[in-house]
Amino acid sequence: MRRLFPVTDRTPSGGGMEAVPDLADREWSLAELASAYAYPEPRAASDGPIPWLRANMVSTLDGAAQHDGRSQPISGAADMRIFGTLRGLADVIVVGAETVRQEGYRPARAREAFAEAREAAGQAPVPAVAVVTASLDLDFSAPLFTEPLVPTLVLTGAAALPARLAAAEKAGAQVLIAGEGAAVDPARAVRALADRGLTRLLSEGGPRLLGQLVAAGVLDELCLTVSPMLTAGDAQRIAGGPSVAVPRRFELVSLLEEAGFLFSRYRRT
């Protein structure tokens with residue numbers, strides 16, 4: 001893996017990003033990746049801790065976020081190392097219900113490489129998984145609900161069906177209401193998680209959820225893997241739903257490369 005741009009945001013002169021000499025091609029250690037992708041230092045405001053929400057997505061060269069309905073076919077070994085690193089740094093993984101169903105989501109697993117750092121940061125051994133769902137149409141007998149090291153969270157609206165709420169709670173999930181109707185309000189969801197002390201947020205999609213986060217203006221950072229593949233077809237982009245009135249502006253803060261995959265990180269300006 002080569003570092004093409006520095007991890008620091010700006011050059012001393014303020015003139016933007018500068019290319020640096022390529023590092024020797026080698027597999028970066030998890031510790032190096034964890035340092036490169038570290039969350040900003042936690043901050044607090046008068047109304048509570050300030051969360052930082054990053055999303056991690058993968059896209060082909062022609063803009064497909066999936067192939068045959070799943071992201072795994074367009075991923076690769078280096079992408080999965082960064083995927084695991086981002087999970088190792090997060091307090092909570094925020095994911096849409098459709099992605100849970102399509103990708104067969106399981107609970108996050110404890111990794112020895114991150115154990116010491118997580119304990120020092122006051123984090124649980126693994127990040128919780130928070131499922132965003134209006135319908136609660138989920139398989140509560142799946143390992144995501146029956147085998148987590150920390151309870152799985154369900155984010156839903158106040159108008160959710162009582163029977164489905166009861167099924168979620170019976171399965172051991174912790175339900176957070178984050179919307180007045182059936183749908184989840186992204187800003188309220190982020191605030192609800194932060195109020196539980198979960199301030200390092202990682203969204204893994206899918207496209208509909210990412211589109212909602214973008215539209216609500218709550219996304220702080222996008223980690224985008226560009227896969228060196230072409231798929232054609234009519235696959236979704238990384239973000240879906242209605243367009244925003246004014247495009248959101250983000251700035252590039254780091255760029256890595258391995259085996260033709262580009263691993264970019266953008267922050268909201």
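Keep in mind the model is a prediction, meaning the values are calculated, not measured. Throughout, residue positions are numbered sequentially from 1 according to the sequence presented. Reckoned from all heavy atoms, side chains included, excluding hydrogens, waters and symmetry mates.
- No side-chain heavy atom of Leu202 sits less than 4.5 Å from a side-chain heavy atom of Val94.
- Residues Leu198 and Leu201 approach most closely at O-CD1, 2.9 Å, considering heavy atoms.
- Note on Val175 and Leu144: same hydrophobic cluster, where clusters join Ile, Leu, Val, Met, Phe, Trp and Tyr whose side-chain heavy atoms are under 4.5 Å apart, directly or indirectly.
- Using modelled atom types, no side-chain atom of Tyr266 and backbone atom of Ser254 make a donor-acceptor pair closer than 3.5 Å.
- Residues Arg188 and Glu180 come closest through the heavy atom pair NH1-OE2, 2.6 Å.
- Heavy atoms only, all atoms of each residue included: Ser264 and Leu252 are closest at CB-CD1, 4.1 Å.
- Listed by first then second residue, pairs satisfying side chain to side chain donor-acceptor pair (under 3.5 Å) with a partner in residues 146-165 read Arg106-Glu147, not counting sequence neighbours.
- Side-chain atoms of Arg200 never come within 3.5 Å of backbone atoms of Tyr39 as a donor-acceptor pair (strictly under, hydrogens ignored).
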| task | Using the side-chain contact (heavy atoms from CB on, under 4.5 Å) rule, take Arg196 and Leu153 through it: C-alpha gap first, then chi angles, then the decisive distance, then the call. | result | CA-CA 11 Å; Arg196 295 176 66 91; Leu153 306 173; 4.1 Å; yes
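- Residue Leu176 is grouped with residue Val218 when hydrophobic side chains (ILVMFWY) are merged at heavy-atom distances under 4.5 angstrom, including chains of intermediate members.
- With contacts defined as side-chain heavy-atom distances shorter than 4.5 Å, the pair Leu155/Thr133 does not qualify.
- A donor-acceptor pair under 3.5 Å links the side-chain atoms of Arg54 to the main chain of Tyr37, judged by distance alone.
- Between the Arg101 side chain and the Asp137 main chain, a donor and an acceptor come within less than 3.5 Å of each other.
- Between the side chain of Arg70 and the backbone N or O of Glu103, no donor-acceptor pair lies under 3.5 Å.
- Side-chain atoms of Asp220 come within 3.5 Å of backbone atoms of Leu53 as a donor-acceptor pair (strictly under, hydrogens ignored).
- One hydrophobic cluster holds both Val244 and Phe250 under the rule that ILVMFWY side chains link at heavy-atom gaps under 4.5 Å.
- Pro49 places none of its side-chain heavy atoms less than 4.5 Å from the side chain of Arg43.
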| request: Could you give me the CA-CA distance, side-chain angles and deciding distance for Ser203 and Leu209, then say whether side-chain contact (heavy atoms from CB on, under 4.5 Å) is met? | output: CA-CA 8 Å; Ser203 174; Leu209 176 60; 3.9 Å; yes
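- Of all non-hydrogen atoms in Val154 and Phe145, the two that sit nearest each other are CG2-CE2, 4.1 Å.
- In this structure, the side chains of Arg268 and Arg248 stay at 4.5 Å or more apart for every pair of heavy atoms.
- Looking at Arg191, its side chain never comes within 3.5 Å of a backbone N or O of Pro51 through a donor-acceptor pair.
- For the pair Gln66 and Pro207, the tightest heavy-atom approach, listed with the atom from each and the gap, is NE2-CD, 4.0 Å.
- Within the 4.5 Å cutoff, the side chain of Asp91 has no heavy atoms near those of the Pro127 side chain.
- In the hydrophobic cluster analysis, where Ile, Leu, Val, Met, Phe, Trp and Tyr join through side-chain heavy atoms closer than 4.5 angstrom, Leu222 is grouped together with Leu61.
- Side-chain contact between Val58 and Phe83 is absent, with no heavy-atom pair separated by less than 4.5 Å.
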Quick one: side chains of residues 223-241, donor-acceptor pairs under 3.5 Å with protein atoms, not counting sequence neighbours, listed by atom name and distance.
from	atom 1	to	atom 2	distance (Å)
Thr225	OG1	Asp79	OD1	2.8
Ser227	OG	Ile74	O	2.9

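- At a threshold of 4.5 Å between non-hydrogen side-chain atoms, the residues Thr199 and Trp52 do not count as touching.
- With Glu32 contributing its side chain and Ser29 its backbone, the two residues share a donor-acceptor pair below 3.5 Å.
- Val150 and Tyr105 are members of different hydrophobic clusters when ILVMFWY side chains are connected at heavy-atom separations under 4.5 Å.
- Salt bridge Glu221/Arg267: present, at least one basic N to carboxylate O contact under 4.0 Å.
- Not one N or O on the side chain of Thr85 forms a donor-acceptor pair closer than 3.5 Å with the backbone of Leu30.
- Side-chain contact, Glu119 with Gln123: no donor N or O sits under 3.5 Å from an acceptor N or O.
- Between Phe263 and Glu258, the shortest heavy-atom distance links the atoms CE1-N, 4.1 Å.
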| message | salt bridge (Lys or Arg N to Asp or Glu O under 4.0 Å) for Glu98 and Arg208? Distances and angles first, verdict last. | response | CA-CA 9 Å; Glu98 182 62 21; Arg208 178 191 292 181; over 6 Å; no
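- Residues Val129 and Val92 fail the side-chain proximity criterion, which asks for heavy atoms closer than 4.5 Å.
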